[in-house]
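Whatever order the structure lists them in is the order used to number ligands and atoms, beginning at 1. All values reported here derive from a predicted model rather than from experimental measurement.
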Amino acid sequence: MRWRSPAVLRLQLWLLAVSASLAALGVLAADLSKEPFTIRISCGSFDDVRTEPTNTLWYRDFGYTGGRFANATRPSFIVPPLKTLRYFPLSDGPENCYNINNVPNGHYQVRLFFALLDNPNLDSEPIFDVSVEGTLFSSLLLGWSSDDEKTFAEALVFVQDSSLSVCFHSTGHGDPSILSIEVLQIDDDAYNFGPPREKGTVLRAVKRLKCGSGKPAFDEDLNGIHWGGDRFWLGLQTLSSSSDDQSISSENVIAETLLAPNFYPQGIYQSAIVGTDRQPSLSFEMDVTPNKNYSVWLHFAEIDNGVTAEEQRVFDVLINGDTAFKDIDIIRMTGERFTALVLNKTVAVSGITLKIILQPVKGTRAIINAIEVFEIIPAEKKTLPQEVSALRTLKGSLGLPLRFGWNGDPCVPQQHPWSGVDCQFDSTKGNWIIDGLYVL
Ligand SMILES: *[C@@H]1O[C@H](CO)[C@@H](O)[C@H](O)[C@H]1NC(C)=O
Ligand SMILES: *[C@@H]1O[C@H](CO)[C@@H](O)[C@H](O)[C@H]1NC(C)=O
Ligand SMILES: *[C@@H]1O[C@H](CO)[C@@H](O)[C@H](O)[C@H]1NC(C)=O
């Protein structure tokens, strides 16, 4: 038996929607004279917490739709030293969220750190999916807790309705758990990978490497500023274990850093990896999810004392065999030594590897200072807000058991719709609508 949503209800709710969408017009531009809007939540905590070494403030837990609190075990040294987490047993439903309201419209770096339940009777490393604003952006994979880089997930997302939702979707492998949520405003134009400007995309940070230094660092450790978010840079001394790349570094001040829209700290340019006389090219390879688009950002500064003028180091950049940049001559392009150069390229990857080769064409061996890779994810369109609130009312009046969940958006992410709800995409409105409910 099916229940159709009555037309009257839909009309009433449509009127509501008109007023709501008028309010949502106009996205604020970043005002750099101000500090960016920032919220940090220590999940499962009853009190606000401050953490060393930067005296960072984490608010006590709020905005969650369910779950329990527990003591946390940090799986990695890069995870903030917080003591509690929130976890979502299946009995609380397969979908649970944090809904954070009063977030000024704009562009945000949303970062989640994961941790394990401090319980010796459980050896479980939960595996689950994470979405932001209805768009699935991260799937934890087996072994995540023993890989520093996989103990957090980061998405760049536009907030357009003054609220931000982050949802955790059970995949039937343990209880999703979350240590902390950071919502850090960044420039509206940050990581703009080229015209046309798309608010309809979410960027997932896949990799951030600081080359030539083995020490990992956050922007904060590198004297970055808050408008840069607080990026995590993994330190790397060689690009591949089979090559004998060399590390170089410099204490010199680097020009053209801390500039809009990405505000890179100079520390990422003060070290580099260079090729050798025997192997002058550099090659970097990483595993990726196939059939996705990636945005690749490459950072250079001429910090090598052996290179002092144009034409002394010229190289091409190939990504998966295609020439991404030709004849890169850092000094010619920046005009000076010790000056930052940032290049970005969008590439479609059909296979499971992304391979970057820096191939000298003139002069000495290749150089690279830092690499960033993002997955470009088309943002999901949400369900018509009035239909969502109608379903919420229904959830209350039916007294649905907690285990149904019904948190977040009913239709998206498409991989995790609410159970018992039939969704259909209305291409004229550009939203999902509820086509019906089936008996639960
Ligand atoms: C968490 O650990 C503290 C001691 O550090 C202990 O007093 C408390 O009972 C623990 N809480 C839970 C929920 O296990
Ligand atoms: C990224 O590359 C595009 C295309 O080449 C360019 O238009 C854009 O300005 C670059 N963005 C930044 C922030 O450098
Ligand atoms: C990748 O980008 C191309 C060109 O913009 C687009 O047609 C395609 O749908 C994108 N692929 C994915 C998986 O998003």
Nearest neighbour in protein (non-hydrogen) for atom 3 (C) of ligand 3 = Asn293 ND2, 3.6 Å

At what distance is the nearest protein heavy atom to atom 7 (O) of ligand 2, and which residue and atom is it?
-> Pro195 CD, 3.8 Å

Less than 4.0 Å between atom 9 (O) of ligand 2 and some protein heavy atom, yes or no?
-> no

Side-chain ion pair, Glu149 and Arg208, N-O less than 4.0 Å = no

Salt bridge or not for Asp118 and Lys83, using N-O below 4.0 Å?
-> no

What's the shortest distance from atom 14 (O) of ligand 2 to any protein heavy atom, and which residue and atom give it?
-> Asn344 ND2, 3.7 Å

Report the nearest protein non-hydrogen atom to atom 2 (O) of ligand 1: residue, atom name, distance rounded to 0.1 Å.
-> Asn71 ND2, 2.2 Å

Asn262, any N or O under 3.5 Å of ligand 2 N or O = no

Which residue supplies the protein heavy atom nearest to atom 13 (C) of ligand 1, what is that atom called, and how far is it?
-> Phe69 CE1, 4.3 Å

Spell out, as yes or no, whether a donor-acceptor pair under 3.5 Å connects the side chain of Asn320 to the backbone of Lys355.
-> yes

Close-contact set for ligand 3 against Asn291 heavy atoms, below 4.0 Å | 13 (C)

Under 4.0 Å from ligand 2, counting heavy atoms only, is it the side chain of Asn192, its backbone, both or neither?
-> backbone

Is a side-chain N or O of Ser271 found less than 3.5 angstrom from the main chain of Cys211, in a donor-acceptor match?
-> yes

Numbered atoms of ligand 2 (with element) below 4.0 Å of Trp297, judged on heavy atoms | 11 (N), 12 (C), 13 (C)

Do Lys215 and Asp221 meet the salt-bridge criterion of a basic N to acidic O distance under 4.0 Å?
-> no

Any chance the side chains of Thr323 and Lys326 put a donor and an acceptor closer than 3.5 Å?
-> no

Distance-minimising heavy-atom pair for Glu387 and Ile434 = OE1-N, 2.5 Å

Would you verify that at least one protein heavy atom lies under 4.0 Å from atom 5 (O) of ligand 3, or report that none does?
-> no

Determine, for Asp327 against Arg332, whether the closest basic-nitrogen to carboxylate-oxygen distance falls under 4.0 angstrom.
-> no

